[in-house]
Amino acid sequence: MKRKVLSVLLASAMVTSLAACNSSTTTTTKDSADQTSTETAAADSTAATEETGSTYELTELKMVVNGTLTATVDAGQAEFEAQWEEAVGEAIGHSIDLQISQLDHSGYVDAVGRLFAGGDYPDVIIMSADMFKQYAPTGLLWDMADAYDNADFQARMILPAINENLKDSEGHLYGFAPTYGNGCVTYVKKAWLDAVGIDADSIKTYDDYYNMLLAFHNGDPDGNGVEGDTYGVIAAGFVGNEAPYVNYLPEFWQGSYPAILQDENGTWYDGFQTQETKDALLRLQQAYADGAIDPETLTASTKIAREKYWSNDQAGSAGAFTYWAGSWYQNITDGLIKNEVDSELVELPPIEEITSTFGGYLNREAPVWCIIDDGDGDNSREQAIFDAFIETMMDGDTVQTLWTYGAEGVHWSTEAETFTINAGTENEKTYEYQDGEFHLKQSPNDPNTLWKKNHLDPALVVCELTNGFTDTSELAAEGNKFFTENCVDAPASPSSETLTNESGNIYDAKLAVITEVVVNGGDVDSAMQSLYVDVVGSTVDQILTELNSAE
């Protein structure tokens with residue numbers, strides 16, 4: 001399959017993924033005459049396709065996705081794939097072989113970069129908002145604006161602004177968001193609060209929050225008779241490599257946003273070099289030294305952080321955990337129940353310092369599905385991918401149900417059945433359903449938990465599901481309501497050529513500063529200068545120049 005030869009494409013793919021490995025990249029360029037010739041041929045090919053009305057019969061579709069697809073290999077993915085192929089085949093009139101490549105969620109950015117650097121391009125891929133902003137200008141992604149504007153699902157659109165806001169200034173649309181972004185809230189174990197004598201309603205300020213964390217570490221909140229073997233909070237890293245960056249430890253970052261963002265006048269600046277970020281690093285430094293933060297936070301993946309939080313052995317666990325809202329309120333509760341740990345959680349409203357600076361917890365920009373442009377100038381293949389993948393994802397019925405809840409008979413059913421989870425324990429619960437009643441089933445990989453959803457959160461989706469299938473748990477619904485009442489949109493992510501190429505190096509420099517200051521207890525000004533400004537300062541300046549000089 002022919003691919004575009006663009007220097008920025010190769011550079012962005014390789015630098016994003018290989019900078020952490022200290023790899024160097026070599027870019028190639030084409031002279032203007034060759035480029036003009038290619039563009040002319042592409043235009044002629046497109047015109048010929050439109051004139052003849054030729055179509056492309058898609059027979060296979062390669063998809064790359066992260067952990068947002070809950071139907072994993074050990075949780076019914078084969079059945080989801082088979083039912084998708086059957087339903088989509090009926091919808092478009094011929095069969096398609098869906099090939100799912102599900103990459104590790106925590107290392108997804110680097111994994112995609114390595115994939116692209118090796119020239120192994122999928123047909124469709126999910127990207128976070130930050131990834132999307134970096135890859136959109138490269139020419140790698142197909143402009144689906146016309147396909148989107150003319151899609152059948154427009155008639156069922158309930159949140160049109162989400163995707164309209166993804167269009168660039170020229171009206172190009174390089175990705176489709178099936179849901180809005182969502183964000184994180186701080187969960188606290190009620191049993192631990194009770195054990196240390198703290199009322200959740202009293203947690204109003206950073207001092208209140210920090211004193212709670214100290215009580216969790218210095219006391220015996222897990223009741224095992226040992227003081228000091230528990231922690232205040234655990235997180236999947238001190239800072240994220242994707243927007244909104246600070247969502248796993250918002251109380252410590254408060255008014256700091258350690259990335260490039262705009263001020264009230266629209267001028268782009270580097271939030272990592274601000275005094276607010278230095279103050280945040282010092283708060284983290286103190287918390288790390290005091291045992292308020294689990295020391296594994298530096299290297300913990302989302303999976304490690306979750307499993308430590310709901311571990312059967314609560315020694316070494318933490319009392320607070322800031323994680324995704326909505327369905328994850330139910331998931332975390334289920335994890336505690338599964339391990340026979342007191343499962344009652346409290347959702348903390350954002351502390352005063354967060355509210356006064358940001359306005360609330362941060363709602364991230366929505367992740368998007370992108371179609372890879374093969375660069376041959378003929379849109380028929382890409383349109384066929386859109387029709388088979390994105391159009392059907394929002395069909396309001398069979399395929400959207402697959403993406404929302406998973407495979408029929410595996411993840412959900414409408415047949416009469418009775419089953420019990422956690423049999424023989426105090427958390428035993430029996431479910432009984434009549435024939436024709438839509439319901440979720442036991443999870444394929446854990447019969448003691450109830451399945452929640454597949455890829456699409458029914459509470460966040462941009463197109464309504466019209467078949468009446470709905471089964472959102474009370475906790476998930478409560479969690480979604482709590483978040484929407486306490487959130488604000490995260491700052492918009494920037495996009496520039498240098499940022500695309502150098503984001504990996506910049507993130508590495510941030511981690512070096514964080515490690516030196518927070519973990520090693522180093523001087524914040526010295527670390528900022530020697531490990532960040534001296535290393536990537538000129539690069540950041542170039543990015544700011546590009547952003548602030550752009551029309």
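Only a predicted model underlies this, so the values are computations on that prediction, with no experimental measurement involved. Count residues from 1 along the sequence.
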- Is Phe80 close to Ile100 at the side-chain level, that is, under 4.5 Å between some pair of heavy atoms? yes
- Message: I need the minimum non-hydrogen distance between Ala325 and Asn182, along with the two atoms involved.
- Response: O-ND2, 3.4 Å
- Item | Non-hydrogen atoms of Ala147 and Gln383 that approach each other most closely | CB-OE1, 3.5 Å
- Smallest separation among heavy atoms of Thr230 and Ala315, with atom names: CG2-CA, 4.3 Å
- Query: Between Asp313 and Ser311, does any side-chain donor sit less than 3.5 Å from a side-chain acceptor?
  - Reply: no
- Task: Please say whether more than 12 non-hydrogen atoms of neighbouring residues, nucleotides or ligands are located less than 6.0 Å from CD in Glu415.
- Result: no
- With respect to Cys184, which candidate in Asn247, Asn363, Leu362 satisfies the side-chain contact (heavy atoms from CB on, under 4.5 Å) definition? Asn247
- Item | Any donor-acceptor pair under 3.5 Å from Arg364 side chain to Gly183 backbone | no
- Check whether more than 12 heavy atoms from other residues, nucleotides or ligands sit under 6.0 Å from atom CD of Glu60, and answer yes or no. yes
- According to the interplanar angle, ranging from 0 to 90°, do the rings of Trp324 and Tyr248 count as parallel (below 30°), tilted (30 to 60°) or perpendicular (above 60°)? perpendicular
- Message: Here's a test for you: under side-chain hydrogen bond (donor to acceptor under 3.5 Å, both in side chains), which of Thr70, Asp334, Asp457 qualifies with Lys452?
- Response: Asp334
- Residues Asp104 and Lys303 bridged, charged N to O under 4.0 Å: no
- Might you point out which heavy atoms bring Pro122 and Leu115 nearest each other, and give the distance in Å? CD-CD2, 4.4 Å
- Task: Determine the interplanar angle of the Phe482 and Tyr361 rings, folded into 0 to 90°, and report it as parallel if under 30°, tilted if 30 to 60°, perpendicular if over 60°.
- Result: tilted
- Message: Assess, by modelled atom type and distance only, whether the side chains of Thr186 and Glu251 contain a donor and an acceptor separated by less than 3.5 Å.
- Response: yes
- Query: Can you say whether the rings of Tyr257 and Tyr245 are parallel (under 30°), tilted (30 to 60°) or perpendicular (over 60°)?
  - Reply: perpendicular
- Judged by modelled atom types alone, do Glu417 and His439 share a side-chain donor-acceptor pair under 3.5 Å? yes
- Message: Would the distance check show the side chain of Ser413 and the main-chain N or O of Gly409 forming a donor-acceptor pair, the cut-off being under 3.5 Å?
- Response: no
- Item | Thr392 versus Ala91, closest heavy-atom pair with distance | CG2-CB, 4.5 Å
- Message: Using only atom types and a distance under 3.5 Å, with no angle test, would you say the side chain of Thr466 pairs donor to acceptor with the backbone of Gly396?
- Response: yes
- Any donor-acceptor N/O pair, Tyr148 side chain to Asp143 backbone, under 3.5 Å: no
- Message: Tell me if a side-chain donor or acceptor on Thr425 pairs with a main-chain N or O of Asn427 at a distance below 3.5 Å.
- Response: yes
- Determine, for Tyr433 and Lys441, whether the Lys NZ or Arg CZ falls below 6.0 Å from the six-membered ring centre while staying within 45 degrees of the axis. no
- Between Trp412 and Tyr405, does the ring centroid distance fall short of 6.0 Å? no
- Query: Are side-chain N/O atoms of Gln77 and Gln102 paired as donor and acceptor at under 3.5 Å?
  - Reply: yes
- Message: With heavy-atom distances below 4.5 Å as the criterion, would you say the side chains of Ile125 and Met63 are in contact?
- Response: no
- Within the side chain of Ser128, is there an N or O that forms a donor-acceptor pair under 3.5 Å with the backbone of Glu242? no
- Item | Steps toward ring-ring contact (aromatic ring centres under 6.0 Å, His included) verdict (Tyr135, Phe116) | CA-CA 11 Å; Tyr135 282 106; Phe116 287 175; 5.3 Å; yes
- Would you find a donor on one side and an acceptor on the other, under 3.5 Å apart, between the side chain of Glu502 and the backbone of Leu499? no
- Query: Hey, are the side chains of Ile506 and Ile543 touching, using non-hydrogen atoms and a 4.5 Å cut-off?
  - Reply: yes
- Side-chain donor-acceptor pair present, His455, Trp369, cut-off under 3.5 Å: yes
- Message: Using a strict threshold of under 4.0 Å (side-chain N to carboxylate O), is an ion pair present between Asp123 and Arg381?
- Response: yes
- Task: Establish, from distance only, whether the side-chain atoms of Asn66 and Thr68 form a donor-acceptor pair under 3.5 Å.
- Result: yes
- Charged N to carboxylate O under 4.0 angstrom, Lys190 versus Asp342? no
- Distance only, no hydrogens: is a donor on one side chain within 3.5 Å (strictly under) of an acceptor on the other, for Asn331 and Tyr323? no
- Trp403 vs Phe389 aromatic rings, parallel, tilted or perpendicular, using cut-offs 30° and 60°? perpendicular
- Item | Heavy-atom check, side chain of Phe419 versus side chain of Leu450, under 4.5 Å | yes
- Which heavy atom of Ala71 sits nearest a heavy atom of His411, and at what distance? CB-CE1, 4.0 Å
- Query: Hey, mind stepping through Tyr174 and Phe132 against ring-ring contact (aromatic ring centres under 6.0 Å, His included) and telling me if it holds?
  - Reply: CA-CA 8 Å; Tyr174 296 105; Phe132 175 60; 7.2 Å; no
- Item | Side chain to side chain, Leu456 and Met394, heavy atoms closer than 4.5 Å | yes
- Query: Does the side chain of Ser495 pick up a donor-acceptor pair with the side chain of Gln134 at under 3.5 Å?
  - Reply: no
- Message: If we ignore hydrogens and angles and just use 3.5 Å, is the side chain of Trp253 paired with the main-chain N or O of Ala280 as donor and acceptor?
- Response: no
- Query: Judged by modelled atom types alone, do Asn480 and Glu478 share a side-chain donor-acceptor pair under 3.5 Å?
  - Reply: no
- Task: Check whether any side-chain N or O of Thr420 sits under 3.5 Å from a backbone N or O of Ala423 as a donor-acceptor pair, and report yes or no.
- Result: no
- Query: Any ion pair linking Glu365 and Lys133 (charged N to carboxylate O, less than 4.0 Å)?
  - Reply: yes
- Query: Is the Tyr187 to Tyr329 ring centre distance short of 6.0 Å?
  - Reply: yes
- Query: Is the side chain of Gln83 donor-acceptor paired with the backbone N or O of Ala78 at a distance under 3.5 Å, no angle test?
  - Reply: no
- Query: With a 4.5 Å limit on heavy-atom distance, are the side chains of Phe176 and Val368 in contact?
  - Reply: no
- Item | NZ or CZ of Lys189 within 45° of Tyr309 ring axis and under 6.0 Å | yes
